[in-house]
Amino acid sequence: MGDLELLLPGEAAALVRGLRSFPLREMGSGGWNQQHENLEKLNMQAILDATASQGEPIQELLVTHGKIPTLVEELIAVEMWKQKVFPVLCRLEDFKPQNTFPIYMVIHHEASIINLLETVFFHKEVCESAEDAVLDLIDYCHRKLTLLVARSSRGGPPEEEECQSSTPMQELQKQAELMEFEIASKALSVLRYITDCVDSLSLSTLNRMLSTHNLPCLLVELLEHNPWSRREGGKLQQFEGGHWQTVAPSEQQKLSKLDGQVWIALYNLLLSHEARARYCLTSFAKGQLLKLQAFLTDTLVDQLPNLAGLQGFLAQLALTETQPPKKDLVLEQIPEIWERLERENRGKWQAIAKYQLRHVFSPSEQDLRLQARRWAETYRLDVLEAIAPERPRCAYCSAEASKRCSRCQNEWYCCRECQVKHWEKHGKACVLAAQGDRAK
């Protein structure tokens with residue numbers, strides 16, 4: 001497992017075996033929080049394993065114990081909570097929490113699960129072990145990418161701006177919106193890994209990807225809008241690792257990770273024998289796909305040589321007659337997780353929000369301190385630094401940081417001035433974390 005080990009093999013197996021689905025009403029409860037902590041540990045260990053390239057026991061355990069469908073159901077459940085319950089909670093007049101950390105944990109749960117799935121779906125056996133839940137996961141990825149395209153037409157993700165007059169709940173809503181952009185980028189990676197298995201997917205799954213959602217055309221739109229790139233002050237910036245980063249002129253022709261995922265997914269969906277046999281090339285699809293020719297430059301093909309095959313396919317497509325939409329009678333499986341959860345909770349959103357207001361999101365000071373201590377134990381600093389994709393960033397201005405808050409050891413800053421400016425926002429969490437650390 002490498003030099004750093006967060007979990008012993010026996011501990012990891014016990015955590016995986018204990019994974020289960022929670023009703024929406026129980027999100028944020030004590031048992032749910034324990035599972036969220038366990039998922040974070042599995043997440044960090046999976047990244048450590050992948051980085052060390054010495055076998056990946058977390059992925060093997062999830063497959064062995066049949067827990068991939070459980071993770072997919074939890075992912076969709078928290079997505080539904082964010083869409084249906086969280087807005088109701090924000091509108092409740094008597095909901096004025098002193099600390100929004102417990103709610104943030106529920107919002108962050110979706111990012112934790114999709115990050116774990118991104119790490120393990122690299123392996124084809126994980127996709128196979130998802131069984132029927134792969135249909136639900138494809139629908140989930142389609143929803144996220146559709147929102148990403150829609151948001152890009154409005155100018156990309158929101159900025160991380162400080163607002164002195166914002167209430168804690170308004171700040172939380174902004175954080176949730178920022179998080180959505182990164183979740184969508186993870187969903188893109190998961191979708192690409194699913195397309196790696198396109199020749200072994202069921203007919204229902206292929207039909208869902210190619211006919212129901214027409215994923216090739218959606219991926220073309222992503223390349224057109226390029227939501228993870230922008231120009232700021234005349235400089236090219238790319239959204240990577242949760243931040244906008246300026247790209248040096250010498251690196252601007254280099255293929256970004258997210259662009260690469262789109263191109264590989266397109267290659268898989270358009271050149272796979274099974275997919276080509278089932279994709280209906282209507283006049284609309286042909287027009288959309290031929291837009292790719294403008295993007296397929298020699299520089300791009302040099303970086304992804306397999307795309308030469310895609311160039312040949314498009315050249316042939318330009319001379320091919322289009323097909324009318326197919327009207328065959330097809331019996332197929334459909335995703336059931338979202339529909340089942342919505343059916344079980346329809347008309348109960350306000351009741352769930354009020355129950356969670358009273359029993360889940362109004363913890364005592366002692367409960368908060370205990371939770372802070374548990375999180376300090378979960379997020380070991382040596383592990384966090386080992387899995388960080390880059391140098392830490394200033395919590396106030398996002399510049400590269402070298403100084404850490406001496407009290408809580410959680411936030412990083414580039415200078416004393418930024419730390420002072422950020423204190424109004426960071427202060428409560430800092431004191432709470434420090435108290436939890438002393439309570440150990």
Side-chain angles (χ1 to χ4, degrees), residues 18-40 70-71 73-113 163 165-180 183 337-379 425-436 439:
L19 294 176
R20 66 181 182 92
S21 300
F22 281 81
L24 266 65
R25 174 185 167 105
E26 290 186 31
M27 288 191 175
S29 65
W32 183 93
N33 267 312
Q34 182 61 63
Q35 176 157 295
H36 179 67
E37 291 168 23
N38 294 344
L39 271 172
E40 288 287 18
T70 304
L71 289 178
E73 179 159 348
E74 273 290 277
L75 179 70
I76 292 170
V78 75
E79 178 196 21
M80 181 172 288
W81 183 91
K82 287 167 66 175
Q83 286 188 25
K84 305 287 189 179
V85 180
F86 182 52
V88 176
L89 202 58
C90 293
R91 291 195 297 268
L92 292 177
E93 291 183 5
D94 50 347
F95 187 51
K96 297 175 182 177
Q98 295 299 311
N99 193 299
T100 57
F101 186 71
I103 312 174
Y104 177 83
M105 285 299 100
V106 180
I107 292 171
H108 184 260
H109 192 60
E110 184 180 5
S112 300
I113 299 174
C163 183
S165 60
S166 294
T167 66
M169 284 303 292
Q170 288 171 335
E171 283 294 326
L172 189 64
Q173 287 171 295
K174 281 195 288 185
Q175 286 297 318
E177 194 175 350
L178 274 168
M179 206 181 295
E180 277 297 310
I183 287 170
I337 296 175
W338 178 278
E339 186 178 338
R340 171 169 52 79
L341 290 173
E342 192 168 40
R343 185 173 62 249
E344 291 171 354
N345 295 283
R346 189 175 292 125
K348 301 176 184 176
W349 311 120
Q350 186 153 6
I352 292 171
K354 287 183 175 180
Y355 172 84
Q356 292 183 323
L357 164 63
R358 291 193 303 271
H359 301 287
V360 178
F361 297 132
S362 300
S364 66
E365 195 70 25
Q366 184 178 357
D367 289 338
L368 283 171
R369 288 179 185 176
L370 178 61
Q371 189 63 50
R373 186 178 77 177
R374 288 169 62 179
W375 278 106
E377 292 168 352
T378 298
Y379 286 112
K425 183 177 180 180
H426 173 57
K428 289 182 181 178
C430 179
V431 172
L432 187 62
Q435 288 172 340

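Atom set for the values below is all heavy atoms of this structure, side chains included, hydrogens, waters and symmetry mates excluded.
Shown here for Met179 and His108, the closest heavy-atom pair between the two residues is SD-CA, 3.7 Å. Scanning all heavy atoms of the two residues, the minimum distance from Ser21 to Glu74 falls at CA-OE2, 3.7 Å. Heavy-atom minimum distance, Met105 versus Trp32: O-CH2, 3.7 Å. Contact between Val78 and Leu75 at its shortest, heavy atoms only, is CG1-O, 3.2 Å. Across Val360 and Ser29, no two heavy atoms sit closer than the pair CG1-N, 3.9 Å.
Taking the six-membered ring for Trp and thresholds of 30 and 60 degrees, Tyr104 and Phe101 have nearly parallel ring planes, at less than 30 degrees apart.
Proximity of a side-chain donor or acceptor of Ser362 to a complementary backbone N or O of Leu357 within less than 3.5 Å is detected. Of the possible polar contacts, none joining the Gln350 side chain to the Val88 backbone as a donor-acceptor pair under 3.5 Å is found.
Here the CD1-NE2 distance, from Ile113 to His109, works out to 3.5 Å after rounding to the nearest 0.5 Å. Annotation: the span from Asn345 atom CG to Leu24 atom CG amounts to 5.0 Å, rounded to 0.5 Å. Separation of atoms CD1 (Ile103) and CZ (Phe361) is listed at 5.5 Å; rounding is to 0.5 Å. With rounding to the nearest 0.5 angstrom, the NZ atom of Lys174 is 10.0 Å from the CD atom of Glu177.
A salt bridge links Arg340 to Glu73: at least one charged side-chain nitrogen sits closer than 4.0 Å to a carboxylate oxygen.
Residues passing the side-chain hydrogen bond (donor to acceptor under 3.5 Å, both in side chains) test with Gln35, sequence neighbours excluded: none. Listed by chain and number, the residues in a side-chain hydrogen bond (donor to acceptor under 3.5 Å, both in side chains) with Gln34 are Asn38, Arg374 (sequence neighbours excluded).
Between Leu19 and Leu39 the shortest side-chain heavy-atom distance falls below 4.5 Å.
The 12-atom threshold is exceeded at CD of Glu344, counting heavy atoms of other residues, nucleotides or ligands nearer than 6.0 Å.
Applying the side-chain hydrogen bond (donor to acceptor under 3.5 Å, both in side chains) test to pairs two or more places apart or on separate chains, those with a residue in residues 78-88 are Glu79-Arg143, Trp81-Gln356, Lys82-Glu110, Lys82-Glu180, Lys84-Glu342.
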